[in-house]
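Note: hydrogens, waters and symmetry copies are ignored here, and every other heavy atom, side chains too, is used.
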Protein chains: 2
Amino acid sequence: MTRLEDVLDRIRERGGRVTVPRRVIIDAMLGAGEHVTADDLAARVQAEHPDIHLSTVYRCLDTLTELGVVTHVHLGHGPAVYHLADHPHMHVVCESCGEVVEVPDDLLDGVARRLASEVGFTLDPTHFALVGRCRRCAAP
Amino acid sequence: MTRLEDVLDRIRERGGRVTVPRRVIIDAMLGAGEHVTADDLAARVQAEHPDIHLSTVYRCLDTLTELGVVTHVHLGHGPAVYHLADHPHMHVVCESCGEVVEVPDDLLDGVARRLASEVGFTLDPTHFALVGRCRRCAAP
DNA sequence: TTAGCTGCAAAAGGTTTGCAAATTA
DNA sequence: TAATTTGCAAACCTTTTGCAGCTAA
């Protein structure tokens with residue numbers, strides 16, 4: 001369970017500045033569930049701080065990603081979703097209803113090994129989502 | 001190895017019309033390698049038929065997808081890539097240099113089984129790409 | 001003080017859409 | 001002829017960027 005102060009400390013450690021937008025954005029991520037888009041985040045943040053611009057949200061998310069405290073995932077279509085990098089995991093998204101499910105990050109360990117030895121490819125399994133159909137949306 | 005006529009027949013069977021843009025686009029896909037973006041395709045097509053518009057390419061690709069003769073894949077960032085649906089396969093893309101590698105479509109069979117039984121999720125493994133780093137781009 | 005941020009406005013990249021004219025069956 | 005499809009222009013959505021002013025250290 002990540003705390004705001006831990007993240008701020010990390011920013012300072014790495015020579016970054018602790019600014020109002022950064023503090024507020026991280027706070028919003030702590031408050032939000034998983035799978036927040038930049039736009040979601042901007043809306044949450046702007047409820048209290050209307051002048052924090054969407055482009056600032058993107059820039060902060062970038063910085064926080066470089067600092068290793070935030071990650072994003074590309075679902076098939078649609079915008080990327082962001083979350084704190086406190087517990088690595090993969091995402092599975094339903095291509096029909098858009099539901100996103102979290103699954104253990106070691107799900108692809110076997111595949112990663114095969115790819116490494118057969119194709120020389122180092123998998124980055126938390127950076128993309130598996131796509132398919134959830135129980136509700138699958139056939140009959 | 002798919003032939004132009006097979007695809008055209010399929011369009012007719014399904015009640016679609018065989019138009020110049022559709023014929024030319026399919027032909028371009030047969031000529032192109034794998035991993036063509038809509039934009040690539042428009043450029044190829046426009047070399048001979050300058051008035052086939054990019055939006056027509058998108059619309060034809062949509063139709064052809066519904067007819068089951070074309071598929072597309074979302075690489076992490078960047079545009080989707082299209083190919084004929086003649087031999088199902090997965091894609092692995094390097095997040096650094098963008099290189100795309102084709103891998104067997106049964107690579108995720110084990111994962112698909114686990115997801116089906118544990119989460120009730122039916123994987124659609126050819127609709128997204130695995131992301132990571134190719135040998136050249138992986139560390140030193 | 002000054003390097004590093006932010007707000008704003010504008011653009012860029014990929015894709016979709018409305019509509020009238022052209023084309024297929 | 002009637003229903004689809006196309007060309008074009010314009011919109012859309014997500015993300016990025018240039019720049020002048022602001023702010024944390």
Inset, instruction - Counting heavy atoms from C-beta on, name the nucleotide in C:dC5, D:dT6, C:dT6 closest to the side chain of B:T19. - result: D:dT6

Legend entry - Given DNA chain D, 5'-ward residue of the pair A:V20 and B:V57, judged by closest heavy atom: B:V57

Inset, instruction - Provide, to the nearest angstrom, the distance between the CG atom belonging to A:D62 and the C1' atom belonging to C:dG4. - result: 15 Å

Legend entry - Whether B:T65 side chain and B:L61 backbone form a donor-acceptor pair below 3.5 Å: yes

Legend entry - Near-ring test B:H83/B:H35, centroid separation under 6.0 angstrom: no

Legend entry - Contact nearer the 5' end of DNA chain C, comparing A:C60 with B:R12: A:C60

Inset, instruction - State whether A:Y58 places a side-chain N or O below 4.0 Å from either non-bridging phosphate oxygen (OP1 or OP2) of D:dT15. - result: yes

Inset, instruction - Compare the minimum distances between each of C:dG14, C:dC5, D:dC8 and the side chain of B:S55, then state the nucleotide with the smallest one. - result: D:dC8

Legend entry - Passing candidate, side chain to side chain contact (heavy atoms under 4.5 Å, CB included) with B:T63, options B:R17, B:R14, B:R22: B:R22

Inset, instruction - Ignoring the backbone of B:L54, work out which of C:dT15, C:dT6, D:dT6 is nearest its side chain. - result: C:dT15

Legend entry - Separation of atom CG in B:D39 from atom P in C:dT16, rounded to whole Å: 13 Å

Inset, instruction - May I have the distance from B:L41 (atom CG) to C:dT15 (atom C1'), rounded to whole angstrom? - result: 15 Å

Legend entry - Of the listed nucleotides C:dA3, D:dT17, C:dG14, the one nearest the side chain of A:R17: C:dA3

Inset, instruction - Determine the contact category for A:R22: base if any of its heavy atoms lies under 4.0 Å from a base atom, sugar-phosphate if only primed atoms, P, OP1 or OP2 are that close, otherwise nothing. - result: sugar-phosphate

Inset, instruction - Please report, rounded to the nearest Å, how far the P atom of C:dC5 is from the CG atom of A:D51. - result: 19 Å

Inset, instruction - Let me know the distance between NE2 of B:H53 and P of D:dA10, rounded to the nearest Å. - result: 11 Å

Inset, instruction - Return the value, rounded to whole Å, for the distance between atom NE2 of A:H77 and atom P of D:dT14. - result: 13 Å

Inset, instruction - Would you mind reading off the distance between A:D40 atom CG and D:dT14 atom C1', rounded to a whole angstrom? - result: 13 Å

Legend entry - B:H127 side chain to A:E95 side chain, donor-acceptor N/O pair below 3.5 angstrom: yes

Legend entry - Minimum heavy-atom distance between B:V57 and B:I25, given as atom pair plus value: CA-CD1, 3.8 Å

Legend entry - For atom CZ of B:R23 and atom P of C:dT23, their distance in whole Å: 15 Å

Inset, instruction - Assign each of A:T63 and B:A80 to its nearest nucleotide of DNA chain C by heavy atoms, then name whichever residue's nucleotide is nearer the 5' end. - result: A:T63

Legend entry - Sugar-phosphate, base or nothing in reach of A:I52, heavy atoms under 4.0 Å: sugar-phosphate

Legend entry - N/O donor-acceptor pair, side chain A:R59 with base C:dG7, under 3.5 angstrom: yes

